Each structure stands twice: as structure tokens, then as C-alpha cells.
Trainee: 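This is the structure I want to talk about, given as C-alpha cells.
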Amino acid sequence: MLDDLKKELQKLSNPKQAKLLQGFFKTGEGQYGEGDIFLGIKVPIQRGVAKRYKLPLNEIQELLNSKIHEHRLIGLFILISSYKKSNNIQRRRIFNFYLKNTKNINNWDLVDLSAPNIVGDYLVNKDRKILYKLTKSNNLWEKRVAVLATFAFIRKKDFKDSLKISKLLLKDTHDLIHKAVGWMLREIGKRNQEVEEEFLKKHYKEVPRTMLRYAIERFPEDKRKKYLKGEI
């Protein structure tokens, strides 16, 4: 089945779209996605393909090891589907498998589409120390996994770990971490703006500009301007 999947993806490849994606996902020398290869298949099409395949972990591993971006994303979509259909013992195995593969979950879309659905979901009712270990990682993608995993908690109106991790990452230097943290703060605000603003009022003067812009995106215009001018 794995060979069939790869052949199907090759047939769906679009060189023009691939070139656009390689620019969008910063695959040039020295950029965060350096060396990533794209077939040029849009995400909704990939989701449709993934629904037709059920693969064991060793074959998902082969997809995650691939230099082709769509192979890795399809592998994650299949892994998420398997996770949702699994019992608690199987879910633990998938959770551990995912964490062993963070080196392969190495672009922001791969993280964003998978971390809440596997890492976050698994930890909803469990000890979350692993997220703080990932937060301290030197690996950009492991830090983003830690941030995005908290989306699963936010959806259940549990904000404490997202806020703690946000505070730990205030001084991080990478734009993709600023965006991820700002996004999670905004998601908190959608559910409880008072909680978000309590955090921002304490920290907004040290919050990186991009992080702040993401966090206050849904605020009324006059309030947004006050935050950006440091007048709160």
C-alpha cells in the first residue's frame, strides 16, 4: 500500500505549485525549511488521499523519513487518523512515536496540523512536564510542538500551561515562535479575553512585536493601537 500511495502522490504532483510552495515554506539555503522538497499538492487533496490509506507505524516511519514534504504530511494525517481510532495503550505508543520523530516534523504546517491532535490530546488528562522539556529545546520545531500542543487544552478552556509556556518563550528570537505564541494567546482571548489581557498587561512591553500583533488581532482598533503604542 505504501508504494501505491507514493505512486498516487507522484501522479498528483504539480511542478508549478511546488515551486511556489518551496518559496512559501522558506526552503532556500540558511532558511528554516532548507532542503525541503515539494510535489506541489494542496492540503485538501492530501487529506482526501490520506483517508484512503491505513498504514502500520513502520510504513508511516518511512514516510516521515522522506525528504518530500507531502510524504511527511500525509504520514502525519494517517497517524492522526490511527490515533483517533486507537485505545489508550495504542495512543501512548503513537504519542511516543511522534515525539521520537520531531526531527522529521520540521516545518510549521507539519507541526500545526499534528501537535494539538496527538501530543496535546494525549496530555489533556496527564502530566505535561514533557512540554516544558520541549520548550527548552534548541530545536525550533520541538518548541513549536510545545506551544501548539496547548491548543488542545485551550479548546477545553484550560489555559494555565499555554500561559506558562508563553511566558517562558517571551525572549525567544525566532519569528515562528513569536507567531505561534501570539496565536495561542489570541485563541485564549477568543474564549476569555480577560485572561488574555491579564497576561498581556503584565508582559506586553517585553512581548516581541510579531507576537503582540498576533495576540491582539481581534481586539477593537482603539485598544490595539494602545497596546502597540505601549499606552495600556
Side-chain angles (χ1 to χ4, degrees), residues 21-36 43 69 73 76 102-103 105-117 119-120 123 128 130-155 158-232:
L21 290 171
Q22 289 192 203
F24 184 69
F25 284 99
K26 308 296 184 188
T27 62
E29 186 176 348
Q31 295 182 307
Y32 61 73
E34 181 177 353
D36 210 350
V43 171
H69 191 95
L73 185 53
L76 289 169
T102 51
K103 66 181 183 297
I105 304 166
N106 56 355
N107 216 315
W108 56 263
D109 63 322
L110 303 177
V111 172
D112 297 2
L113 291 167
S114 62
N117 293 306
V119 179
L123 295 175
R128 300 170 186 176
I130 183 62
L131 296 184
Y132 294 88
K133 182 179 179 181
L134 294 173
T135 299
K136 295 174 183 176
S137 172
N138 292 323
N139 182 303
L140 164 64
W141 308 115
E142 290 190 340
K143 284 190 281 190
R144 190 157 173 126
V145 165
V147 177
L148 265 294
T150 69
F151 201 177
F153 316 150
I154 292 169
R155 286 171 176 152
D158 175 359
F159 309 135
K160 62 183 184 298
D161 289 290
S162 190
L163 293 171
K164 286 179 183 177
I165 289 170
S166 295
K167 186 176 179 181
L168 289 171
L169 291 171
L170 285 177
K171 298 189 185 301
D172 194 89
T173 58
H174 205 290
D175 187 57
L176 286 176
I177 297 301
H178 300 170
K179 290 176 180 178
V181 172
W183 174 17
M184 291 304 100
L185 290 173
R186 185 174 74 235
E187 291 297 330
I188 291 171
K190 284 182 186 178
R191 293 154 178 86
N192 191 324
Q193 189 166 321
E194 188 177 329
V195 170
E196 183 191 4
E197 288 211 64
E198 184 180 350
F199 179 89
L200 289 176
K201 284 174 183 176
K202 286 181 183 176
H203 303 293
Y204 80 97
K205 290 187 178 179
E206 57 184 312
V207 169
R209 201 70 166 175
T210 298
M211 190 185 294
L212 181 61
R213 286 186 181 278
Y214 268 63
I216 63 175
E217 189 176 80
R218 292 170 60 89
F219 285 13
E221 185 63 20
D222 58 337
K223 184 174 282 190
R224 283 183 67 254
K225 287 180 178 177
K226 285 182 179 179
Y227 271 102
L228 292 170
K229 290 178 182 177
E231 295 175 351
I232 294 293

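Predicted model only: the values in this text are computed from it and were never measured.
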Trainee: Please give me the minimum heavy-atom distance between I188 and E196, naming the atom from each residue.
Mentor: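 Answer, listing the atom of I188 first, then E196: CG2-N, 4.2 Å.
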Trainee: Can L170 and V207 be said to form a side chain to side chain contact (heavy atoms under 4.5 Å, CB included), step by step?
Mentor: CA-CA 6 Å; L170 285 177; V207 169; 3.7 Å; yes
Trainee: If you look at every heavy atom in T150 and A146, which pair is closest and at what distance?
Mentor: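 Smallest heavy-atom distance, with atoms named: CG2-O, 3.4 Å.
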Trainee: How long is the span from the CG atom in L212 to the OH atom in Y227, to the nearest 0.5 Å?
Mentor: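 Spacing of CG (L212) from OH (Y227) equals 8.5 Å.
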Trainee: What are the two closest heavy atoms between A152 and G120, and how far apart are they?
Mentor: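 Shortest heavy-atom contact: CB-C, 3.5 Å.
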Trainee: State, yes or no, whether a side-chain contact exists between M211 and K179 at a heavy-atom distance under 4.5 Å.
Mentor: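 M211 does not reach K179 side chain to side chain.
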Trainee: Indicate the atoms forming the closest heavy-atom contact of S162 with S166, along with that distance.
Mentor: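 Minimum heavy-atom separation between S162 and S166: O-OG, 2.7 Å.
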Trainee: Side chains of K223 and E197, heavy atoms from C-beta outward: is any pair under 4.5 Å?
Mentor: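 Yes. Closest side-chain heavy atoms under 4.5 Å.
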Trainee: Treating N107 as the side-chain partner and D109 as the backbone partner, does any N or O pair qualify as donor plus acceptor under 3.5 Å?
Mentor: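 Between the backbone of D109 and the side chain of N107 there is no qualifying donor-acceptor contact (under 3.5 Å).
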Trainee: Less than 4.5 Å apart, any side-chain heavy atom of M184 and any of Y214?
Mentor: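 The answer is no; the side chains never approach within 4.5 Å.
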Trainee: Just how far is it from atom CG of L131 to atom NZ of K164, taken to the nearest 0.5 Å?
Mentor: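 Atom-to-atom, L131:CG and K164:NZ are 11.5 Å apart.
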Trainee: Determine whether L163 and L185 satisfy the following criterion, side chain to side chain contact (heavy atoms under 4.5 Å, CB included), listing intermediate values before the conclusion.
Mentor: CA-CA 8 Å; L163 293 171; L185 290 173; 3.9 Å; yes
Trainee: Less than 4.5 Å apart, side chain to side chain, heavy atoms only: is that true for L110 and H69?
Mentor: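 L110 reaches H69 side chain to side chain.
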Trainee: Side chains of I130 and V119: does their closest heavy-atom pair fall under 4.5 Å?
Mentor: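 Not in contact.
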Trainee: Answer yes or no: does atom NZ of K103 have more than 12 heavy-atom neighbours from other residues, nucleotides or ligands under 6.0 Å?
Mentor: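 Yes - once you tally the heavy atoms of other residues, nucleotides and ligands closer than 6.0 Å, there are more than 12.
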Trainee: Atom CG of D158 and atom CZ of R191: how far apart are they, to the nearest 0.5 Å?
Mentor: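 If I round to the nearest 0.5 Å, the distance is 12.0 Å.
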Trainee: With rounding to the nearest 0.5 angstrom, report the NE2 to CD distance, H203 to E198.
Mentor: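 Interatomic distance, H203 NE2 to E198 CD, rounded to 0.5 Å: 9.0 Å.
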Trainee: According to salt bridge (Lys or Arg N to Asp or Glu O under 4.0 Å), does anything in residues 204-215 pair up with another residue at least two apart or in another chain? List the pairs.
Mentor: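 Residue pairs with at least one partner in residues 204-215: K171-E206.
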Trainee: For the CG atom of L134 and the OG1 atom of T102, what is their distance to the nearest 0.5 Å?
Mentor: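 The OG1 atom of T102 is 7.0 Å from CG of L134, to the nearest 0.5 Å.
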Trainee: Rounded to the nearest 0.5 Å, what separates atom CD1 in I216 from atom NZ in K225?
Mentor: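 Separation between the atoms: 11.5 Å.
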Trainee: Could you pull out all residues at least two apart from A115 that satisfy side-chain contact (heavy atoms from CB on, under 4.5 Å)?
Mentor: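 Partners of A115 by the side-chain contact (heavy atoms from CB on, under 4.5 Å) criterion, ordered by chain and then number, come out as Y98, V111, V145, L148.
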Trainee: Would you call P116 and R155 a side-chain contact if the rule is heavy atoms closer than 4.5 Å?
Mentor: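 Sidechains of R155 and P116: in contact.
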Trainee: So do L21 and D36 actually touch side chain to side chain, heavy atoms under 4.5 Å?
Mentor: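 Side-chain contact under 4.5 Å: no.
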Trainee: Sub-3.5 Å donor-acceptor pair from the side chain of R144 to the main-chain atoms of L140, do we have one?
Mentor: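 Looks like no, no N/O pair under 3.5 Å.
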Trainee: Kindly check if the number of other-residue, nucleotide or ligand heavy atoms within 6.0 Å of CD (E34) is above 12?
Mentor: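 Atom CD in E34 is crowded, with more than 12 foreign heavy atoms closer than 6.0 Å.
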Trainee: Does E194 have any side-chain contact (heavy atoms from CB on, under 4.5 Å) partners at least two apart in sequence or in another chain, and if so, which?
Mentor: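 Partners of E194 under the side-chain contact (heavy atoms from CB on, under 4.5 Å) test: N192.
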Trainee: Decide if the gap between the ring center of F159 and the ring center of F153 is smaller than 6.0 angstrom.
Mentor: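 When the ring centroids of F159 and F153 are compared, they turn out to be at least 6.0 Å apart.
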Trainee: If every non-hydrogen atom of I165 is compared with every non-hydrogen atom of Y132, which pair is closest and at what distance?
Mentor: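 Answer, listing the atom of I165 first, then Y132: CG1-CE2, 3.8 Å.
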Trainee: Going by heavy atoms in the side chains, are T210 and P208 under 4.5 Å from each other?
Mentor: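 Contact flag for T210/P208 side chains = no.
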Trainee: Give every residue pair that meets the ring pair (Phe, Tyr, Trp, His ring centres under 6.0 Å) criterion with at least one member in residues 162-188, sequence neighbours excluded.
Mentor: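 For residues 162-188, and leaving out neighbouring residues, the ring pair (Phe, Tyr, Trp, His ring centres under 6.0 Å) pairs sorted by first residue read F151-W183.
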Trainee: Who pairs with R218 by side-chain contact (heavy atoms from CB on, under 4.5 Å), at least two apart in sequence or on another chain?
Mentor: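 R218 satisfies side-chain contact (heavy atoms from CB on, under 4.5 Å) with R186, K190 once adjacent residues are dropped.
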Trainee: What pairs meet the side chain to side chain donor-acceptor pair (under 3.5 Å) rule with one or both residues in residues 21-32, with sequence neighbours excluded?
Mentor: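 Side chain to side chain donor-acceptor pair (under 3.5 Å) check on residues 21-32 returns Y32-W108.
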Trainee: State plainly whether the residues D222 and R224 are in salt-bridge range, i.e. N to O under 4.0 Å.
Mentor: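 Salt bridge: no.
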Trainee: Take W141 and N106 through the test side chain to side chain contact (heavy atoms under 4.5 Å, CB included) and record every step on the way to the result.
Mentor: CA-CA 6 Å; W141 308 115; N106 56 355; 3.7 Å; yes
